[in-house]
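Just follow the structure's listing: the first ligand is 1, and inside any ligand the first atom is 1. Quick note: residue numbers are just sequence positions, from 1.
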Amino acid sequence: MSNGRSEPPLESCFAALARHGELPLTEWPDDQDPADFGLIVESGRVLPSVRHDPLSPAAIRAALSSRADAWLRRLDVFPVIGSTNQHLMDRAGQESVDGSVCMAEIQLHGRGRRGRGWVSPFGANLAISLGVAVDVPPARLGGAALVAGLAVLDAVETRGARGLCLKWPNDLLLGDAKVGGILIEVSQRRGVELVIGIGLNVTLPEAVKRRLPDNVGDLSRAGVVAARSEIAAAVVSSVIDFVGAFERSGFEAFRAAFDARHGYHGRTCDVLLADGPVTGTVVGVSAQGELTLRTAEGDRRFNAGDVSLRQKT
Ligand code: BTN
């Protein structure tokens with residue numbers, strides 16, 4: 001993706017694209033390749049490479065559950081942003097972000113777990129961040145990301161997704177292909193406020209897919225045909241419900257559900273650590289959301305912060 005050098009002119013281009021679904025090529029900056037943003041050029045126009053399905057704040061609000069609607073204080077939908085998580089974390093430094101939802105048609109500097117980036121091409125995916133105040137001590141937040149994963153899985157299944165599973169700690173997979181990921185950041189400026197960032201591939205353009213190093217899939221391949229605003233509203237509603245239950249009951253209440261939807265449960269896997277892999281069988285998650293691996297030397301627990309998991313082939 002672009003490093004966003006020409007962000008001011010790009011900003012108005014993305015705003016026009018979000019509004020009209022196209023832009024005359026003459027108005028696109030010469031020094032930027034539309035393909036870097038998941039766009040195509042056709043008959044002198046710059047277009048999204050997938051069907052124009054813009055995010056609509058009104059449609060999102062209308063499709064929220066009544067609980068999420070009562071919780072929502074502020075909904076921002078930007079044509080372009082650096083990172084929706086960064087936006088809420090910056091705001092959390094100034095004011096409470098509880099009740100805030102931030103989405104964007106494209107992120108130029110999307111953030112993934114473990115310092116990685118996250119690609120969100122224009123108009124094709126969902127980049128959503130929620131600011132949620134929780135009455136949970138930081139030491140007990142270990143399972144929050146797993147709960148958010150279960151919430152997203154539940155939401156997309158209500159919109160017709162089939163064949164998805166979770167990969168600890170919170171990837172959404174279709175077979176081996178990654179369809180979504182979650183990055184939770186914590187602000188402790190005013191109690192504990194979570195910034196729950198969710199990236200979901202909805203209709204990932206083939207051209208973008210080919211440029212990514214990882215095996216990626218999308219919700220359209222999992223059978224979802226709903227509008228992006230409708231999927232976004234389902235995700236926000238579900239996350240609010242699940243995080244509310246997590247706040248009341250802790251991760252213990254979700255442990256069995258996570259194991260049941262964990263695609264790698266019972267499988268032989270490598271946990272990749274800085275000093276090499278540890279091999280074992282996944283036997284479950286702990287009450288704190290750690291992964292338990294049965295190894296030749298006994299059971300070992302791993303924290304989501306510092307490791308990644310690979311299925312042995
Ligand atoms: C992962 O590495 O799997 C987590 C990816 C999280 C991406 C989402 S997109 C919305 C929010 N804003 C970001 O910059 N990151 C998260």
* Student check: side-chain heavy atoms of Leu47 and Phe122 closer than 4.5 Å -> no
Counting from 1 in the order shown, the ligand 1 atoms closer than 4.0 Å to a non-hydrogen atom of Gly110 are 14 (O)
Check: Does Arg114 reach ligand 1, in the sense of a heavy atom lying below 4.0 Å from it?
Finding: no
So, Ser100 versus Arg73: side-chain donor-acceptor pair below 3.5 Å or not? no
the protein heavy atom lying closest to atom 5 (C) of ligand 1 turns out to be Trp118 CE3, 3.4 Å
- Report yes or no: do Asp176 and Asn215 form a side-chain donor-acceptor pair below 3.5 Å? no
For a quick check under 3.5 Å, do Asp98 and Ser96 share a side-chain donor-acceptor pair by atom type? no
* Does ligand 1 have any atom that is closer than 4.0 Å to a heavy atom of Arg116? -> no
Quick one: are Arg261 and Leu153 in side-chain contact, heavy atoms under 4.5 Å? yes
Contact check, side chains of Thr84 and Phe78, non-hydrogen atoms, under 4.5 Å
no
Check: Can you find a pair of side-chain heavy atoms, one from Leu166 and one from Leu150, that are under 4.5 Å apart?
Finding: yes
The atoms of ligand 1 lying under 4.0 Å from a heavy atom of Asp171, numbered in the order shown, are 3 (O)
Residue, atom and distance of the protein heavy atom nearest atom 9 (S) of ligand 1 read Gln107 NE2, 3.4 Å
the protein heavy atom lying closest to atom 8 (C) of ligand 1 turns out to be Gly199 N, 3.6 Å
Quick note on ligand 1: atoms under 4.0 Å from a heavy atom of Thr84 include exactly 10 (C), 11 (C), 12 (N)
The protein heavy atom nearest to atom 2 (O) of ligand 1 is Arg113 N, 2.7 Å
Salt bridge check, Arg294 against Asp299: does any charged N sit closer than 4.0 Å to a carboxylate O?
yes
The closest protein heavy-atom partner of atom 3 (O) of ligand 1 is Lys178 NZ, 2.6 Å
Among non-hydrogen protein atoms, atom 6 (C) of ligand 1 lies closest to Arg111 O, 3.5 Å
A student checking ligand 1 against Ile128 at a 4.0 Å heavy-atom cut-off should list atoms 10 (C)
